[in-house]
Amino acid sequence: METTSRPGTPLRHRMLDDMRMRKFAEHTQEGYVRAVRKLAMFLGRSPDTATTEDLRRFQLHLVDSGTGPVTINATITGLKFFFDVTLGRPEVMAKMQHVHVPRKLPVILSPEEVGRLIAAAPNLKHQAAMSVAYGAGLRVSEVVALKVSDIDGQRMTLRVEQGKGRKDRYAMLSPVLLERLRAWWRLGHAQGKILPGGWLSPGMDPTDHVTARQLNRAVHLASATAGLDKRVTPHVLRHSFATHLLEQKVDIRVIQVLLGHKRLETTSLYAAVATDLLRSVISPLDQTSDKPQPE
């Protein structure tokens with residue numbers, strides 16, 4: 001996002017510079033700019049002319065138009081940066097409030113469904129990427145950003161560089177996953193798609209990796225081919241990874257580290273969907289001596 005070739009107004013350039021100074025990720029910059037653009041379209045004029053009342057009306061507009069709470073909060077965060085940092089007018093945001101996001105249980109696939117999904121992948125590249133998402137529990141942004149040099153077959157680890165929160169970490173690399181990655185590397189390298197030390201999931205141009213959106217489409221296609229009746233995304237594979245480990249009695253603190261979660265509270269959500277754990281619990285009703293009376 002260099003200033004020399006980007007289109008837009010001086011105000012937009014200044015906001016982009018403010019974000020680049022803080023080394024914001026590109027997708028974060030795009031989201032913040034999108035939030036300001038939404039406000040400008042609502043106002044019908046330059047966003048820097050907005051008043052506190054304008055922003056209050058804008059949030060009501062978002063709510064009334066059916067915008068989801070996650071999108072509303074993301075929009076508010078982007079606008080807060082724009083008014084607080086770029087314009088130096090934090091008081092304008094006084095009447096905009098983040099909204100509560102209902103916590104929903106994630107969709108979980110069974111091991112058999114995961115196997116069918118990966119087997120139905122459009123090609124070997126996507127099969128390898130989906131295997132990484134499930135076999136190592138990586139986020140989709142982390143899967144597409146993996147390089148060949150991130151695979152350590154000796155230590156059986158995957159190096160995740162600058163994951164969520166801009167932190168490096170190591171993820172697990174199982175023997176099955178390693179073999180699948182090697183199979184894809186042999187084919188991709190022979191076809192000139194994987195460059196030496198290049199992306200593990202290259203795009204049409206091997207100097208770039210596939211996007212999260214492209215991998216998401218591949219997962220949707222595989223889900224339809226496999227005949228799954230659940231709403232499947234790459235993140236569902238990460239959810240399934242964590243849930244299946246918990247059902248295997250892996251310590252939840254180990255799972256927290258593998259997922260790269262900052263708080264144990266985030267990881268504990270999977271206890272609510274680990275059905276094998278629920279089935280292993282004996283109800284106190286079953287401990288009573290009373291038996292059902294015959295009719």
Original post:
Does CZ belonging to Arg253 count more than 12 external heavy atoms closer than 6.0 Å?
Top reply: no
**OP:** Please name the pair of heavy atoms, one in Leu138 and one in Ala171, separated by the smallest distance, quoted to 0.1 Å.
**Re:** CD1-CB, 3.6 Å
Original post:
Would you say Gln59 and Val99 make side-chain contact, with heavy atoms under 4.5 Å?
Top reply: yes
**OP:** Could you tell me whether the side chains of His27 and Ser141 share a donor-acceptor contact shorter than 3.5 Å?
**Re:** no
Original post:
When you check the gap from the basic side-chain N to the acidic O, do Asp205 and Lys193 get nearer than 4.0 Å?
Top reply: no
Subject >> Mutual orientation of the aromatic rings belonging to Phe81 and Tyr32 [parallel < 30°, tilted 30-60°, perpendicular > 60°] >> reply: tilted
**OP:** Identify the heavy atoms of Arg89 and Asp48 that sit nearest to each other, and give their distance.
**Re:** NH1-O, 2.7 Å
Subject >> Where Leu43 and Arg57 come nearest, the two heavy atoms and their spacing >> reply: CD2-NH2, 4.5 Å
Original post:
With a 4.5 Å heavy-atom cut-off, do Val236 and Ile108 have their side chains touching?
Top reply: no
Subject >> Thr67: side chain to side chain contact (heavy atoms under 4.5 Å, CB included) partners, not counting sequence neighbours >> reply: Leu62, Ser65, Thr71, Ile72
Please tabulate, for side-chain N and O atoms in residues 117-131, each donor-acceptor pair with protein atoms closer than 3.5 Å (sequence neighbours left out).
from: Asn123; atom 1: OD1; to: Lys125; atom 2: N; distance (Å): 3.2
from: Asn123; atom 1: OD1; to: His126; atom 2: N; distance (Å): 2.9
from: Asn123; atom 1: OD1; to: His126; atom 2: ND1; distance (Å): 3.1
from: Asn123; atom 1: ND2; to: His126; atom 2: ND1; distance (Å): 3.2
from: Lys125; atom 1: NZ; to: Pro202; atom 2: O; distance (Å): 2.8
from: Gln127; atom 1: NE2; to: Ile118; atom 2: O; distance (Å): 3.4
from: Ser131; atom 1: OG; to: Gln127; atom 2: O; distance (Å): 2.8
from: Ser131; atom 1: OG; to: Arg180; atom 2: NH1; distance (Å): 2.9

Subject >> Common cluster, Leu39/Val70, ILVMFWY with side-chain heavy-atom separation under 4.5 Å >> reply: no
Original post:
Are Arg169 and Glu142 close enough for a salt bridge, meaning some N to O gap below 4.0 Å?
Top reply: yes
Subject >> Phe83 versus Ala50, closest heavy-atom pair with distance >> reply: CZ-CB, 3.9 Å
**OP:** Compare all side-chain heavy atoms of Lys80 with those of Met96 and state whether any distance is below 4.5 angstrom.
**Re:** no
Original post:
Shared ILVMFWY cluster between Leu245 and Leu264, side chains joined below 4.5 angstrom?
Top reply: yes
**OP:** Can you sort out the partners of Trp185 under ring pair (Phe, Tyr, Trp, His ring centres under 6.0 Å), two or more places apart, ordered by chain and number?
**Re:** His189
**OP:** Might you confirm whether atom NZ of Lys262 has over 12 heavy atoms from other residues, nucleotides or ligands at distances under 6.0 Å?
**Re:** no
**OP:** Give the minimum heavy-atom separation between Pro47 and Leu11, together with the two atoms involved.
**Re:** CG-CD2, 4.4 Å
Original post:
Could you walk me through whether Thr77 and His98 pass the side-chain hydrogen bond (donor to acceptor under 3.5 Å, both in side chains) check?
Top reply: CA-CA 8 Å; Thr77 300; His98 284 85; 3.3 Å; yes
Subject >> Modelled atom types, side-chain donor and acceptor of His209 and Ser201, under 3.5 Å >> reply: no
**OP:** Consider only side-chain heavy atoms of I, L, V, M, F, W and Y, link residues closer than 4.5 Å, and tell whether Val63 and Phe58 are in one cluster.
**Re:** yes
Subject >> side chain to side chain contact (heavy atoms under 4.5 Å, CB included) evaluation trace for Met172 with Met156 >> reply: CA-CA 7 Å; Met172 63 184 293; Met156 297 303 287; over 6 Å; no
Original post:
Are Tyr170 and Leu158 connected, step by step, through hydrophobic side chains (Ile, Leu, Val, Met, Phe, Trp, Tyr) whose heavy atoms are closer than 4.5 Å?
Top reply: no
Original post:
Would Gln256 and Ile252 count as a side chain to side chain contact (heavy atoms under 4.5 Å, CB included) if you check the C-alpha gap in whole Å, the side-chain angles of each, and the deciding distance to 0.1 Å?
Top reply: CA-CA 6 Å; Gln256 177 190 5; Ile252 194 168; 5.9 Å; no
Subject >> Note: Asp17-Arg14 ion pair, threshold 4.0 Å (strictly below) >> reply: no
Original post:
Under a 4.5 Å side-chain heavy-atom rule over Ile, Leu, Val, Met, Phe, Trp and Tyr, are Tyr134 and Val250 clustered together?
Top reply: yes
Original post:
Does a side-chain heavy-atom distance below 4.5 Å link Val92 with Glu53?
Top reply: no
Original post:
What pairs of residues pass the side chain to side chain donor-acceptor pair (under 3.5 Å) test when at least one of them lies in residues 146-156, not counting sequence neighbours?
Top reply: none
Subject >> Within-4.5 Å side-chain heavy-atom neighbours: Thr266 and Leu259 >> reply: no
Original post:
So which heavy atom on Trp199 is nearest to which on Val144, and how close?
Top reply: CE3-O, 4.2 Å
Original post:
Near Arg182 CZ, under 6.0 Å, is it more than 12 heavy atoms from other residues, nucleotides or ligands?
Top reply: no
Donor-acceptor pairs under 3.5 angstrom involving side-chain atoms of residues 215-225: please list them, not counting sequence neighbours.
from: His220; atom 1: NE2; to: Val232; atom 2: O; distance (Å): 3.3
from: Thr225; atom 1: OG1; to: Leu221; atom 2: O; distance (Å): 2.9

Subject >> Between CD1 on residue Ile255 and CZ on residue Phe241, distance to nearest 0.5 Å >> reply: 7.5 Å
Original post:
Is the shortest heavy-atom distance from the side chain of Leu55 to the side chain of Met93 under 4.5 Å?
Top reply: yes
Original post:
Between Arg116 and Glu112, is there a side-chain N and carboxylate O pair less than 4.0 Å apart?
Top reply: yes
**OP:** Name all residues meeting the ring pair (Phe, Tyr, Trp, His ring centres under 6.0 Å) criterion together with His61; count only those two or more places apart in sequence or in a different chain, and write none if there are none.
**Re:** Phe42
